[in-house]
Protein chains: 2
Amino acid sequence: MKIDKQFITEEAKKLLANDKVIQQAYEEVKASICSPIWPTDSDIFTINNTEKNCNGVVPIKELCYTMLEEDYNWFREKPLDVLKLEKKKGGPIDVYKEFTEGNYVRRVGLEFETGNISSAHRSMNKLLLGLKYNELDLSMILMPIKDLAYYLTDRVTNFEELEPYFEITEGQPFIFIGFNAEAYDPNVSLIPKGKDGMSKRSIKKWKDKVENK
Amino acid sequence: MKIDKQFITEEAKKLLANDKVIQQAYEEVKASICSPIWPTDSDIFTINNTEKNCNGVVPIKELCYTMLEEDYNWFREKPLDVLKLEKKKGGPIDVYKEFTEGNYVRRVGLEFETGNISSAHRSMNKLLLGLKYNELDLSMILMPIKDLAYYLTDRVTNFEELEPYFEITEGQPFIFIGFNAEAYDPNVSLIPKGKDGMSKRSIKKWKDKVENK
DNA sequence: TATGGATCCATA
DNA sequence: TATGGATCCATA
């Protein structure tokens, strides 16, 4: 996979310019989002472009999550205190990592969005809550660009469709990344939809990390 | 239908206290959201509570829209300039009315939310854009409360699930209204799902109003 | 093609 | 039961 579009808020730009720990987080995410390949024995990600909406989405994220968890020690499903403890309502953040250098801690929240475009609004709003309540220092959303989304499940999140709403995050450190396949080819296998695409790999959850302390 | 829960931001409270035109808008919306009945020959809204998620949602909104359009002259599908003209991307607001008293104009945007809960986040974000760009003076979202949503299509918007995110609208005039059925009864007819529930009534669109000028 | 929506799934 | 998601529909 490759990165094709990006939007970085002013606050995130300042962080990237001045904070080595945040730079590292950004590099880890960029390396991870570029890691998915298709088909599984290829070096690049090639999407079947036989017809509109012909591919499922679930397996796309797999290698990105694996690299974040296995190579870089990010955790999945991190609850926010504001939702879990204070409001007692609402689910966790998709991916999360605390970067520490001595006493210095930077906390980064990430959502890999391949759900319905409306779901990306919830992700954005949740990450905004995390920033507002000072539980996150940087938020990121990963999503396909429109060209790629055309061949995925109908109405999945795509960079261009969320773009008009990026400014809702104004004043906060936020990075939006749009990724694309390296190639389009009607002869590669289709990415399965529905149950067929569900992976069995167990994920590295924040909950388990905390409970094992 | 009846109103069961409400959240009104401080800015909206000030408007309601001081602005007769905004008061009128609020009264019109309250009357309209209370107008849906079920079954169609009843005086009240009774929901079939045979089992979880047994009813569809489409017909629920019908009478509310009708009253807003026919009795109170609201319009459907009002585009925002910021989306349509400036960003050239993104759809219209569900319901809209301009209240004028001489030179005084107040513009109210409304979303009747029975889509997936994630869709309510998009509605909220869109209304926020309208307020931020000074194209709206008040925004409102209507949605079922959790008790009612339990018997509607799985994962429809419900007041309680959006509630943790209400504060995203902080500093803006916003009203959230949660409605409930007057009665629950396993013997009333089920609200149909899917195509069966689609009404053929043509709606009063903002576009048509503007083009007929 | 673009966009809001409606519906049901998977998992904890 | 609660929650994020995946999928397909309807309409312009």
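It should be emphasised that the depicted structure is a prediction, and the values quoted were computed from it without experimental measurement. Each chain gets a letter, A, B and so on, in the order the sequences are listed, and its residues count up from 1.
- Not a single salt bridge (charged side-chain N to carboxylate O under 4.0 Å, His left out) links B/K61 to another residue, sequence neighbours left out.
- If you measure from atom CD of A/E160 to atom C1' of C/dA2, you get 13 Å, rounded to the nearest angstrom.
- For the pair B/E51 CD and D/dT1 P, the computed distance is 12 Å after rounding to whole Å.
- A/R107 places a side-chain heavy atom less than 4.5 Å from the side chain of A/N134.
- For C/dG5, its base never sits under 3.5 Å from the side chain of A/R155 at any donor and acceptor pair.
- Whole-Å rounding puts the B/K52 NZ to D/dT3 C1' distance at 11 Å.
- Both A/G90 and A/V156 lie close to DNA chain D; mapped to their nearest nucleotides by heavy-atom distance, the more 5′-ward contact belongs to A/G90.
- Phosphate contact (OP1/OP2 of D/dG5, side-chain N/O of A/K193, threshold under 4.0 Å): absent.
- Evaluation of atom-type donor-acceptor distances gives no pair under 3.5 Å for the side chain of A/N53 against the base of D/dC8.
- Following rounding to the nearest Å, A/N158 (CG) and C/dG4 (C1') show an atom-to-atom distance of 14 Å.
- Between the side chain of B/N116 and the base of C/dT7 there is at least one donor-acceptor pair of N/O atoms closer than 3.5 Å.
- Regarding contacts with the backbone of C/dG5, a side-chain N or O of B/S119 is found under 4.0 angstrom from either OP1 or OP2.
- The phosphate of C/dT1 (OP1 or OP2) has no side-chain N or O of A/K146 nearer than 4.0 angstrom.
- Bending across the helix from C/dT1-D/dA12 to C/dA12-D/dT1, expressed as the angle between its end axes from five pairs apiece, amounts to 30° (10° rounding).
- Comparing C/dG5, D/dG5, C/dA2 by their nearest atom to the side chain of B/E113 picks out C/dG5.
- Within residues 82-89 of chain B, no residue places a heavy atom under 4.0 Å from DNA chain D.
- Nearest to the side-chain atoms of A/D154 among the listed nucleotides C/dG5, D/dC8, D/dG5 stands D/dC8.
- No side-chain heavy atom of A/K146 sits under 4.5 Å from any side-chain heavy atom of A/E163.
- Ring centers of B/Y72 and B/F99: at least 6.0 Å apart, outside the cut-off.
- If you take NZ of B/K78 and P of C/dG4, they are 15 Å apart, rounded to a whole angstrom.
- Proximity of A/N48 to A/Y151: side-chain heavy atoms (C-beta onward) are nowhere separated by under 4.5 Å.
- Residue A/V57 is tested with A/I191, A/T157, A/T114 for a side chain to side chain contact (heavy atoms under 4.5 Å, CB included); the sole match is A/T114.
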Test side chain to side chain donor-acceptor pair (under 3.5 Å) applied to A/S119 and B/S118, step by step | CA-CA 5 Å; A/S119 186; B/S118 64; 5.0 Å; no
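- Of all nucleotides listed (D/dG4, D/dT7, C/dT7), D/dG4 comes nearest to the side chain of B/E161.
- A 4.5 Å side-chain heavy-atom check between A/E77 and A/Y96 finds every atom pair outside the cut-off.
- Between B/T114 and C/dA6 there is a side-chain N or O to OP1 or OP2 distance below 4.0 Å.
- When each of A/I175, A/I141, A/V29 is checked for a side chain to side chain contact (heavy atoms under 4.5 Å, CB included) with A/L110, only A/V29 meets the rule.
- Within the nucleic acid shown, B/S118 has no heavy atom closer than 4.0 Å to any nucleic acid atom.
- Note: CD (A/E77) to C1' (C/dA10) measures 12 Å, nearest angstrom.
- Counting heavy atoms from C-beta on, the side chains of A/D94 and A/Y65 come closer than 4.5 Å.
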